[in-house]
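Input: a single structure, listed below in structure tokens.
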Amino acid sequence: MINIKENENLNILNHSCAHLLAHAVKHIYPEAMFWVGPVIDDGFYYDIDLGDNVIKEEDLIKIEKEMKKISKSDKLIKRIELSKEEALSMFKNDKYKLDLIENMADGEVISAYKQGDFIDLCRGPHMSSTKCMKYFKLLKVSGAYWKGDSHNKMLQRIYGICFETEEDLNSYLEFLEDAKRRDHKKLGKELGLFMISEYGPGFPFFLPNGMILRNELENFWYREHTKEGYQFVKTPIMLSRELWERSGHWYNYRENMYTSEIDDNEFAIKPMNCPGGMLVYKNSLHSYKEFPIRLGELGQVHRHEASGALNGLFRVRTFTQDDAHIFMTEDQIESEVIRLINFIDRMYAVFGLTYSIELSTRPLEKYIGDISVWDKSEKALEDACHKAGHDCKINPGDGAFYGPKLDFHIKDSLGRVWQCGTIQLDMNLPERFDLTYVDKDGSKKRPVMLHRVIYGSIERFIGILIEHYAGAFPLWLSPVQINIIPVNNEHHMDYCINLKNKFEKVGIRSNIDNRDEKLGYRMRESQTKKIPYTLVIGDKELDSNTVNYRMFGSKDTESISVDDFIDKLLEQIKEYK
């Protein structure tokens with residue numbers, strides 16, 4: 001999947017197409033006023049104030065038609081440079097452009113781009129003519145608050161994309177159709193994995209099938225972390241305001257936290273597990289001989305998200321972070337980060353996920369600690385990344401408020417990129433919480449700490465996996481691993497029940513479909529539910545003590561003894577195939 005923003009030609013093409021969109025909208029809705037129309041990773045959008053008019057999905061065809069008309073007219077796109085006074089005069093009837101202009105520095109050269117009878121404030125650059133934008137598609141329309149502030153007016157945001165060739169456009173539209181078929185909200189409902197209730201927007205409910213999937217992911221997490229020498233803890237969901245003040249969250253993250261009062265004291269539901277981890281460490285004395293101490297926690301957190309940002313399992317208000325806090329000496333940083341990168345690599349490989357790494361550095365504002373400590377921490381992460389055999393892209397200013405981090409961007413089967421794993425180096429919270437250990441010489445010293453997640457959020461990771469596998473999970477993760485279909489309930493049901501009991505004894509999840517439906521219908525539905533193995537049991541299987549199985553996605557069937565079939569499945573489950 002291509003990133004439009006990172007491709008210079010497509011970046012300019014899509015920014016020019018945003019102006020083509022605005023030009024067409026102005027022809028159809030003369031009273032329209034425009035806020036901003038930036039390029040994004042997957043195309044462009046424009047935020048528009050249309051007064052009382054409301055654009056619906058079906059109206060996009062009408063706008064596209066006007067865009068094509070302007071494109072064919074081959075209007076030259078010309079850059080115009082203006083003084084601030086000239087710009088204010090030119091856009092005097094558009095409050096949104098006036099707001100942009102008034103926030104520009106005096107003496108700054110302001111540029112606008114003109115094409116035919118349309119002119120728009122813009123830094124550019126742009127294509128030379130409207131005819132350059134031939135292969136575009138408007139994708140959707142949604143609401144967006146002006147400046148992203150819910151106290152401001154709701155504008156209408158139109159999304160689109162533009163390519164250099166018709167072939168590239170068609171290929172991308174096919175990709176979107178595939179992504180639509182894989183939508184985790186759609187598949188989550190069809191496969192009985194999770195639900196969202198109007199009584200709890202942003203608070204997902206996991207259904208029985210979803211809990212099986214979730215438990216398998218958590219069990220896998222615990223097994224692999226035990227191999228890596230982790231110990232496990234559980235910290236409270238709600239803690240006092242004083243703790244969050246000490247950690248810095250109250251002053252740097254307050255707007256995202258839910259609060260309550262207990263016995264006239266203010267408490268907050270945890271948005272992060274870190275402060276609880278600090279208290280666990282502080283609960284006992286520690287020696288350098290114990291290091292590194294690796295404490296893992298599947299901790300449920302709550303964060304306030306705007307209702308308009310909520311999206312299935314991808315953006316929720318409560319989720320479980322697969323957190324760990326690792327305490328060590330300064331000279332152990334490099335080896336521990338290298339070990340962590342190799343561990344994360346092994347975990348992602350099980351799911352067939354590749355990744356890239358990004359180093360996020362100190363924020364310009366809202367950070368704690370000395371800049372010298374930040375510089376040292378950033379260098380330590382970068383060096384460890386390189387020594388682990390990986391490159392890392394620098395993402396300036398996007399670190400957490402307490403330390404720099406390595407972000408792991410995984411790539412799914414459609415080539416889409418998701419940010420999941422994180423390793424954050426923190427030399428600040430140990431200072432704030434006065435964490436110490438006894439060194440070789442008997443003196444007390446300050447430990448260094450790593451925060452890290454691999455799934456990131458279990459909920460979000462499940463959403464990613466649903467779309468990555470298109471709901472057809474590998475055998476070990478699948479909620480129902482075998483669907484047993486008797487040809488004739490009267491003659492074959494006892495054998496099917498016996499099979500199910502055998503499967504259950506060895507931990508294989510199975511279901512018997514004995515509904516009064518035709519065999520072909522039940523077999524097709526087994527494929528629709530994406531069950532890895534479908535067994536059709538008739539007289540032949542009953543007489544020979546065998547099973548006749550068909551794998552999901554295959555039209556071929558195979559007969560095999562029951563014991564050999566069980567061995568085959570257990571091997572696949574053991575190897576996470």
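Residues: numbered from 1 along the sequence shown. Basis for what follows: all heavy atoms, side chains included, without hydrogens, waters or symmetry-related copies. Computed from a predicted model, the values in this text were never measured in an experiment.
Classification of R294 and E336 as a salt-bridged pair holds, one side-chain N sitting under 4.0 Å from a carboxylate O. A salt bridge does not link D383 with K387: none of the charged nitrogens is closer than 4.0 Å to a carboxylate oxygen. Here E228 pairs with R339 in a salt bridge; the nearest charged N to carboxylate O distance falls below 4.0 Å. E378 and R362 are not joined by a salt bridge, as no carboxylate oxygen comes within less than 4.0 angstrom of a charged side-chain nitrogen. Remark: R432 does not engage E245 in a salt bridge, criterion side-chain N to carboxylate O under 4.0 Å. Note on R346 versus E224: salt bridge recorded, some NZ/NE/NH1/NH2 to OD/OE distance being below 4.0 Å.
Here the two rings, on H325 and Y281, have centers that are 6.0 Å apart or farther. For Y576 and F351, the ring centers are positioned 6.0 Å apart or more. Taking the six-membered ring for Trp and the full ring otherwise, the centers of F327 and F291 sit at least 6.0 Å from each other. Aromatic ring centroids of F163 and Y172 lie under 6.0 Å apart.
Considering CD1 of I458 and CG of L313, their distance stands at 12.0 Å, rounded to 0.5 Å. Separation of atoms CD (E382) and CG (L406) is listed at 9.0 Å; rounding is to 0.5 Å. The SG atom of C385 sits 12.0 Å away from the CG atom of L340 when rounded to the nearest 0.5 Å. To the nearest 0.5 angstrom, H225 atom NE2 is 13.0 Å from Q231 atom CD. Taken from CD in Q572 to CD in Q481, the straight-line distance is 10.0 Å, to the nearest 0.5 Å. The NZ atom of K186 sits 9.0 Å away from atom CG of L191, with the distance rounded to the nearest 0.5 Å.
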- Message: Evaluate Y533 against F552 for ring pair (Phe, Tyr, Trp, His ring centres under 6.0 Å), listing each step before the verdict.
- Response: CA-CA 6 Å; Y533 286 92; F552 172 76; over 10 Å; no
- Message: Quick one, D183 with K180, criterion salt bridge (charged side-chain N to carboxylate O under 4.0 Å, His left out). Give me CA distance, side-chain angles, the key distance, then yes/no.
- Response: CA-CA 5 Å; D183 187 295; K180 196 180 294 182; over 6 Å; no
- Residues E459, R315; criterion salt bridge (charged side-chain N to carboxylate O under 4.0 Å, His left out); working and verdict: CA-CA 9 Å; E459 289 76 5; R315 186 63 70 89; over 6 Å; no
- Message: Run the ring pair (Phe, Tyr, Trp, His ring centres under 6.0 Å) test on Y45 and Y159 for me, step by step, so that the C-alpha distance in whole Å, both residues' side-chain angles and the decisive distance to 0.1 Å come before the verdict.
- Response: CA-CA 4 Å; Y45 69 78; Y159 290 88; 5.6 Å; yes
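Summarising the local packing, CD of E8 is surrounded by 12 or fewer heavy atoms from other residues, nucleotides or ligands at distances under 6.0 Å. With a 6.0 Å radius and a threshold of 12 heavy atoms from other residues, nucleotides or ligands, K153 has its NZ atom above the threshold. By the neighbour-count criterion of 12 heavy atoms within 6.0 Å, atom NZ of K185 is densely surrounded, having more than that number from other residues, nucleotides or ligands. By the neighbour-count criterion of 12 heavy atoms within 6.0 Å, atom CG of L285 is sparsely surrounded, having that number or fewer from other residues, nucleotides or ligands.
Remark: the E242 side chain and the S240 side chain contain an N/O donor-acceptor pair separated by less than 3.5 Å. A donor-acceptor contact closer than 3.5 angstrom links the side chains of T318 and Q300. With no hydrogens or angles considered, no side-chain donor-acceptor pair links N14 and K5 at under 3.5 Å. For the 3.5 Å distance criterion, the side chains of T534 and N483 fail to qualify, holding no donor opposite an acceptor. Side-chain atoms of D370 and S372 form no donor-acceptor pair, as typed in the model, at a separation below 3.5 Å. If you check the side chains of E467 and H184, you find a donor sitting under 3.5 Å from an acceptor. With 3.5 Å as the limit, one finds a donor-acceptor pair spanning the side chains of D426 and H451. Using modelled atom types, one finds a donor on one side chain and an acceptor on the other under 3.5 Å when comparing D398 with N395. Inspection of the K405 and T361 side chains reveals no N or O donor paired with an N or O acceptor under 3.5 Å.
Under the 6.0 Å distance and 45° angle rule, R241 does not count as a cation-pi partner of W244.
For the ring pair (Phe, Tyr, Trp, His ring centres under 6.0 Å) test, residues two or more places apart in sequence or in another chain that qualify with Y46 are F34. For the ring pair (Phe, Tyr, Trp, His ring centres under 6.0 Å) test, residues two or more places apart in sequence or in another chain that qualify with F408 are Y355. Taking W146 as the reference, W35, Y96 meet the ring pair (Phe, Tyr, Trp, His ring centres under 6.0 Å) condition, with sequence neighbours excluded.
Of all the heavy atoms in W374 and P404, the pair that sits closest is CZ3-N, 3.3 Å. Across all their heavy atoms, M449 and P430 have their closest contact at CB-CG, 3.9 Å. Closest approach of A384 to I341, counting heavy atoms only: O-CD1, 4.3 Å. The two residues F343 and I454 have their closest heavy-atom pair at CE2-CD1, 3.8 Å. The minimum heavy-atom distance linking R317 with S307 is given by the pair NH2-N, 3.4 Å. Between G463 and F314 the shortest heavy-atom distance is C-CE2, 3.4 Å.
E365 contributes no side-chain N or O that, together with a main-chain N or O of Y367, makes up a donor-acceptor pair within less than 3.5 Å.
Remark: of the listed residues R452, K270, K234, K270 is the sole one forming a salt bridge (Lys or Arg N to Asp or Glu O under 4.0 Å) with E297. Tested against Y455 for a ring-ring contact (aromatic ring centres under 6.0 Å, His included), the candidates F319, F220, F461 yield a single pass: F461.
The shortest side-chain heavy-atom distance between L450 and V337 falls under the 4.5 Å cut-off.
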